[in-house]
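Notes follow the structure.
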Amino acid sequence: NKKMNLKSSDYSNIKKAYLKFLKKREVAGKPIIDKIGKLKRFYLPLSKWIYITYKKDNKTKIIGLSGGQGSGKSTITGILKFILKKEYGLDLCVFSIDDFYKTKTERKKMSEKIHPLFLTRGVPGTHDVELINKTFQNLKKKVFKPILIPKFDKSADDRYKKSQWTKVRKPPHVIIFEGWCVGARHQKVNNLKKSLNSLENKFDPDLKWRKRVNNHLRGHYKKLFNRIDKLVYLKAPSFYHIFQWRLLQEQKLKLTSKNKEIMSKSQVKEFIMYYERITKQMMKDFSKISDLTVFLDKKHRSKKMKFFN
C-alpha cells in the first residue's frame with residue numbers, strides 16, 4: 001500500500017505538514033523535486049520501520065542516521081520528527097554528532113600536542129565522546145530529568161554558550177543520532193599507507209594523523225556506535241557527489257544567513273579531504289555497518305532502500 005495503511009485523513013494531514021516543512025527548506029531557485037513520491041516511497045516506510053523497532057519492547061531506541069556531507073540528514077530528521085509524532089505519537093529527540101565537536105580551545109591543544117590537522121573539526125578525535133555517552137545515559141534514565149544538549153556554531157567554529165543549548169524537557173521514545181561518520185569502522189593499518197589526497201600527502205606524510213584518527217574509531221567511537229539500535233545509511237552515488245552537495249550547502253548558507261562567511265569551491269574541496277578516507281570506507285562498508293541503506297541518486301532522491309537486518 002503506497003500510503004502505508006494510513007487513514008486518508010491522517011495521510012492528508014501529514015502531507016500538508018510535510019509540504020509546509022519543505023517549503024521552508026526550499027531556497028530561491030532550488031525547488032525540491034518529487035515531493036509526494038519521496039513521502040510515499042521513503043518517509044512513510046522509514047517512519048513505520050522506526051515505529052516497529054520501538055514497539056518491540058517499548059524502550060527508548062537510538063537510531064543512527066549516517067551519510068556524507070550534504071546528503072540531507074537534517075531535512076530527513078526534521079520530517080521524521082513530525083510524522084512519528086502525528087502518526088504514531090512518538091516523541092523524538094534529534095541531535096547531531098556535529099553538536100559535540102570539541103571547543104576551539106580543546107582542538108587547538110590537540111593540534112599542538114598531537115597533530116596540526118586536529119585543529120579542523122570533523123574527524124574522529126574532534127568530538128567529545130564522553131559528553132555524547134553521558135547524554136545518551138541521561139536521555140534513557142528511568143527517572144528522567146530535563147537535560148541540555150550542546151549546540152555547535154559552525155560559522156564561529158566553536159560551541160555555543162550553555163544558554164543557547166537545546167533543552168529536552170521530556171523523555172524521548174526515539175533518539176535520532178545523526179552525523180557524517182556515525183557507524184564508521186576503522187581501517188586495517190595497511191590501508192592507511194597510501195595517501196588519498198593532497199592534504200594527506202602534504203600534511204600527514206608520516207601517517208601520524210590518520211593512524212590516530214583510525215585508533216579513535218577502533219576504540220571509544222566503536223563503543224559509542226555500539227549503543228545504536230538501528231543504523232540508517234544514506235549512500236551517495238560517489239564521493240564527487242558529496243563534494244557537489246557540500247558546495248550546495250554553502251550556497252544555501254549564503255542565502256539564509258546574514259554576514260556569514262562561506263567557503264569557496266576550492267575551500268570546500270580542501271575541507272572534504274579531511275573526511276574523504278572515512279567517507280569512502282563507509283561507502284564500501286554500507287552493508288556491514290547499516291541495518292538499512294538508502295541509495296540516493298544524483299538529485300538526492302532515494303532510488304531504493306535495502307534492509308540488511
Side-chain angles (χ1 to χ4, degrees), residues 63-73 96-98 100-101 114-115 117-118 120-127 129 132 177-228 230-246 249 268-298 300 302-309:
I63 306 288
L65 178 67
S66 188
Q69 302 252 323
S71 56
K73 295 181 293 295
S96 171
I97 199 168
D98 293 5
F100 290 84
Y101 281 132
I114 306 162
H115 195 285
L117 290 178
F118 278 115
T120 303
R121 66 175 193 261
V123 294
T126 61
H127 306 95
V129 173
I132 304 175
F177 178 43
E178 61 101 339
W180 76 275
C181 65
V182 169
R185 294 190 181 179
H186 66 275
Q187 290 186 300
K188 290 178 180 141
V189 179
N190 268 351
N191 293 349
L192 300 174
K193 288 176 183 169
K194 191 179 171 224
S195 292
L196 284 190
N197 52 47
S198 57
L199 178 101
E200 289 187 350
N201 202 19
K202 192 175 168 187
F203 299 107
D204 190 34
D206 59 358
L207 320 186
K208 197 177 172 185
W209 176 67
R210 61 194 101 154
K211 275 184 178 171
R212 182 59 77 107
V213 170
N214 205 46
N215 284 340
H216 281 301
L217 274 182
R218 186 189 277 118
H220 53 308
Y221 280 75
K222 187 180 180 179
K223 284 181 192 157
L224 171 68
F225 298 152
N226 281 343
R227 287 177 171 268
I228 295 167
K230 295 280 182 192
L231 185 86
V232 180
Y233 177 61
L234 306 170
K235 190 178 183 299
S238 72
F239 189 71
Y240 170 74
H241 288 97
I242 288 171
F243 164 62
Q244 293 288 355
W245 296 347
R246 188 62 188 79
Q249 264 188 339
V268 170
K269 204 167 191 171
E270 189 191 299
F271 185 62
I272 67 164
M273 284 181 192
Y274 286 85
Y275 300 78
E276 186 170 352
R277 177 170 292 278
I278 293 170
T279 302
K280 283 184 171 172
Q281 191 60 42
M282 289 182 86
M283 290 171 100
K284 283 181 196 157
D285 285 344
F286 69 89
S287 61
K288 289 185 218 148
I289 61 173
S290 73
D291 298 283
L292 165 62
T293 290
V294 181
F295 296 85
L296 303 173
D297 68 11
K298 294 168 190 178
H300 272 113
S302 57
K303 282 194 299 186
K304 63 172 179 172
M305 289 160 75
K306 192 167 180 185
F307 291 88
F308 295 103
N309 226 331

- Should we say atom OH of Y240 is surrounded by more than 12 heavy atoms from elsewhere, each under 6.0 Å from it? no
- May I ask you to test the D291-F308 pair for a side-chain heavy-atom distance under 4.5 Å? no
- Regarding H127 and Y221, is there a side-chain donor-to-acceptor distance under 3.5 Å anywhere? yes
- Of all the heavy-atom pairs spanning P237 and M283, show the shortest one and how long it is. C-CE, 4.3 Å
- Item | Distance, nearest 0.5 Å, that separates CD1 of I132 from CZ of F177 | 4.5 Å
- Using the six-membered ring of F239, assess whether NZ or CZ of K280 lies under 6.0 Å from its centre and within 45 degrees of the ring axis. yes
- Message: What I want to check is whether the side chains of R210 and Q187 have a donor and an acceptor closer together than 3.5 Å.
- Response: no
- Within a radius of less than 6.0 Å around CZ of R227, do more than 12 heavy atoms belonging to other residues, nucleotides or ligands occur? yes
- Could you grab the distance from atom NE2 of H115 to atom CG of L117, nearest 0.5 Å is fine? 4.5 Å
- Task: Can you label the angle between the H216 ring and the F118 ring as parallel, tilted or perpendicular, going by 30° and 60°?
- Result: perpendicular
- Looking only at atom types and distance, does a side-chain atom of W180 sit under 3.5 Å from a main-chain N or O of I278, one as donor and one as acceptor? no
- Task: Hey, could you give me the CG/OG1 distance between L234 and T293, rounded to the nearest 0.5 Å?
- Result: 8.5 Å
- Message: What's the separation between atom NZ in K202 and atom OG in S195, rounded to the nearest 0.5 Å?
- Response: 13.0 Å
- Query: Do you know the tightest heavy-atom contact between L231 and G183?
  - Reply: CD2-CA, 4.3 Å
- Query: Could you give the distance from CG (L196) to CD (E276), rounded to the nearest 0.5 Å?
  - Reply: 5.5 Å
- Message: Is it the case that the ring center of F203 lies less than 6.0 angstrom away from the ring center of W209?
- Response: no
- Looking at L296, D297, V294, which one forms a side chain to side chain contact (heavy atoms under 4.5 Å, CB included) with K303? D297
- Task: Measure the NZ-NZ distance between K306 and K235 for me, rounded to the nearest 0.5 Å.
- Result: 11.5 Å
- Do E200 and N197 touch side chain to side chain, with heavy atoms closer than 4.5 Å? yes
- Please answer whether the main-chain N or O of I114 pairs with a side-chain N or O of K208 as donor and acceptor at a distance below 3.5 Å. yes
- Of V129, I97, L217, the residue whose pairing with P124 passes side chain to side chain contact (heavy atoms under 4.5 Å, CB included): L217
- Side chains of K298 and H241: does their closest heavy-atom pair fall under 4.5 Å? yes
- Message: Just checking K211: does its NZ atom have more than 12 heavy atoms from other residues, nucleotides or ligands closer to it than 6.0 angstrom?
- Response: no
- Query: Would you say the side chain of R121 lies within less than 4.5 Å of the side chain of F271, judging by non-hydrogen atoms?
  - Reply: yes
- Query: Within the side chain of S66, is there an N or O that forms a donor-acceptor pair under 3.5 Å with the backbone of V182?
  - Reply: yes
- Query: Are a donor atom and an acceptor atom from the side chains of N215 and R218 found within less than 3.5 Å of each other?
  - Reply: yes
